[in-house]
Number of protein chains: 2
Amino acid sequence: MKLQLQIKMNEALFLRNPESSALGKNILKHSVHLIYKMGFETFTFKKLAEDIGTTEAGIYRYFENKHKLLVYLTAWYWGWLEFQISFHTNNIKDPVVKLKRVIKLLATAVEDDEQTSYINESLLHQIIIAEGSKAYLTKQVGEDNKQQFFKPYKDLCAVIGNIILECSTKYKYPKSLASTIIEMAHFQNFFMNNLPSLTDFGKTKEESEIIAFLNDLVFTSLKKS
Amino acid sequence: MKLQLQIKMNEALFLRNPESSALGKNILKHSVHLIYKMGFETFTFKKLAEDIGTTEAGIYRYFENKHKLLVYLTAWYWGWLEFQISFHTNNIKDPVVKLKRVIKLLATAVEDDEQTSYINESLLHQIIIAEGSKAYLTKQVGEDNKQQFFKPYKDLCAVIGNIILECSTKYKYPKSLASTIIEMAHFQNFFMNNLPSLTDFGKTKEESEIIAFLNDLVFTSLKKS
DNA sequence: TATTTATAATAGTATTACTATCATTTAGAA
DNA sequence: TTCTAAATGATAGTAATACTATTATAAATA
């Protein structure tokens, strides 16, 4: 039996559900490849259409604009990651072990799961690192937030915040620490590979060092309080 | 006597030095206002020209494109902040006190110093929070970095990293902790105001809480090691 | 005063970010 | 199987963006 993980997406993110047709799935698949390859600012619907072998107008029937598509992809990623976390921390009782597992999942390049879906999670992980913040660093954050576009991110943050509280009931900043872990898992990776002097991992460029840093940061904070 | 702080800017950031003429200074001044008001993606040189009362071509004589202008503004900000830090921590011997002062400077909305220059530091601080990462989250980071565009940021990070080492010689991640402090001072502020459930400060929206969070995070890490 | 240099005014191009129309194919219902 | 509706493809077109180029004029400097 092959199980297909379906992530329930916010309907306001698209005009036509991209998971409902071959073209839609192609849009998701090729946009991940293209954004990964050329970066979000250089990426256009025209180029995407050419890559797929369809027309620009075809893409616009699914997504209003490329910002919505980016938000869709990030939302998908956070949803997927929350599932990964709940899957991999299932049955773990010790919250410290659980939190360590979460940090590892956040900071580790995922191996792609070509079977699972038309989305290459490994490339998407790289996109989230380099482009993810652009989904909310806009003037429309407020409206986008009202439409619940960032719910998957907030849910994930809440989940991690709760594990933090399990580790240390008295800790005062569970949510901020959770968002710090998430953001830093990605930023330290980007810095390590692109602006290495902003990190202590420039020599080896090993993800394991980021994990060690985050573990140190988090667990000294939690042990003390 | 009135002292004017001059920040030495990387010459590759501009075509003509904007500090060398009235128009150039207007470009800096109005771009800060406009980017603050409408966000970086909606901001164009055309709109900037209209705002100033000059022509698009006029702007292009100073800056190759809006990305370079953003990098210029962020570089200026980091240079300015490094000066603020060296000024405000001068004569402080205790590195812990020094680091606390640094955190406060990073996380506090600066009061504008209208005298100092044509750049409104208070608005620029807001721009750095919302747009700053876009200066390096691009496909050209590598080339931009080769041209030393991010030197002021890296210098600041190095300064903070050294203070961290003064606090605790054995601490293993001074640079990563420094970049974490810098980024989180800004991201927690953005989250607090725009996606409050990602923080523990949504109720009060007080900068002082971000400072308390960062102090807690940093000093438990440093005390332990 | 002559001469360089900066600015203003204007024009023009390629690309981006869309919207609209209509013909054709495909998929599902009768 | 046939009819119908929906999705796609092909094509066109528009306004805005991101520039480059040209020439005239004004300001600064030698």
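Here is how names work: the chains are called A, B, and so on, in the same order as the sequence lines, proteins then strands, and each is numbered from 1. Worth saying up front: this structure is predicted, and the values here are computed from it rather than measured.
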- Ignoring backbone atoms, test whether B/Y62 places a side-chain nitrogen or oxygen under 4.0 Å from the OP1 or OP2 oxygen of C/dT7. yes
- Sidechain N-carboxylate O distance under 4.0 Å for A/K134, A/E41: yes
- Message: On the nucleotide D/dA16, are OP1 or OP2 found under 4.0 Å from the side-chain N or O atoms that B/K47 carries?
- Response: no
- Query: Just how large is the angle between the end axes of the helix from C/dT1-D/dA30 to C/dA30-D/dT1, five pairs per end, to 10 degrees?
  - Reply: 20°
- Message: Measure CZ/B/F40 against C1'/D/dA18 and give the value in whole Å, please.
- Response: 12 Å
- Message: Looking at C/dT7, I'd like to know if its phosphate oxygens (OP1 or OP2) sit under 4.0 Å from a side-chain N or O belonging to B/R16.
- Response: yes
- Item | Polar pair under 3.5 Å, donor/acceptor by atom type, side chain A/E64, base C/dC18 | no
- Message: Just to be sure I understand the rule, does B/F63 reach a base, reach only the sugar-phosphate, or reach nothing, if contact means heavy atoms closer than 4.0 Å?
- Response: nothing
- Message: A side-chain contact here means heavy atoms from C-beta on lying under 4.5 Å apart; do A/L198 and B/Y153 qualify?
- Response: yes
- C/dA8 OP1/OP2 closer than 4.0 Å to side-chain N/O of B/T54: yes
- Query: Is the distance from OP1 or OP2 of D/dT8 to the nearest side-chain N or O of A/S21 less than 4.0 Å?
  - Reply: yes
- Honestly, is B/K139 close enough over A/Y36, meaning NZ or CZ under 6.0 Å from the six-membered ring centre and within 45° of the axis? yes
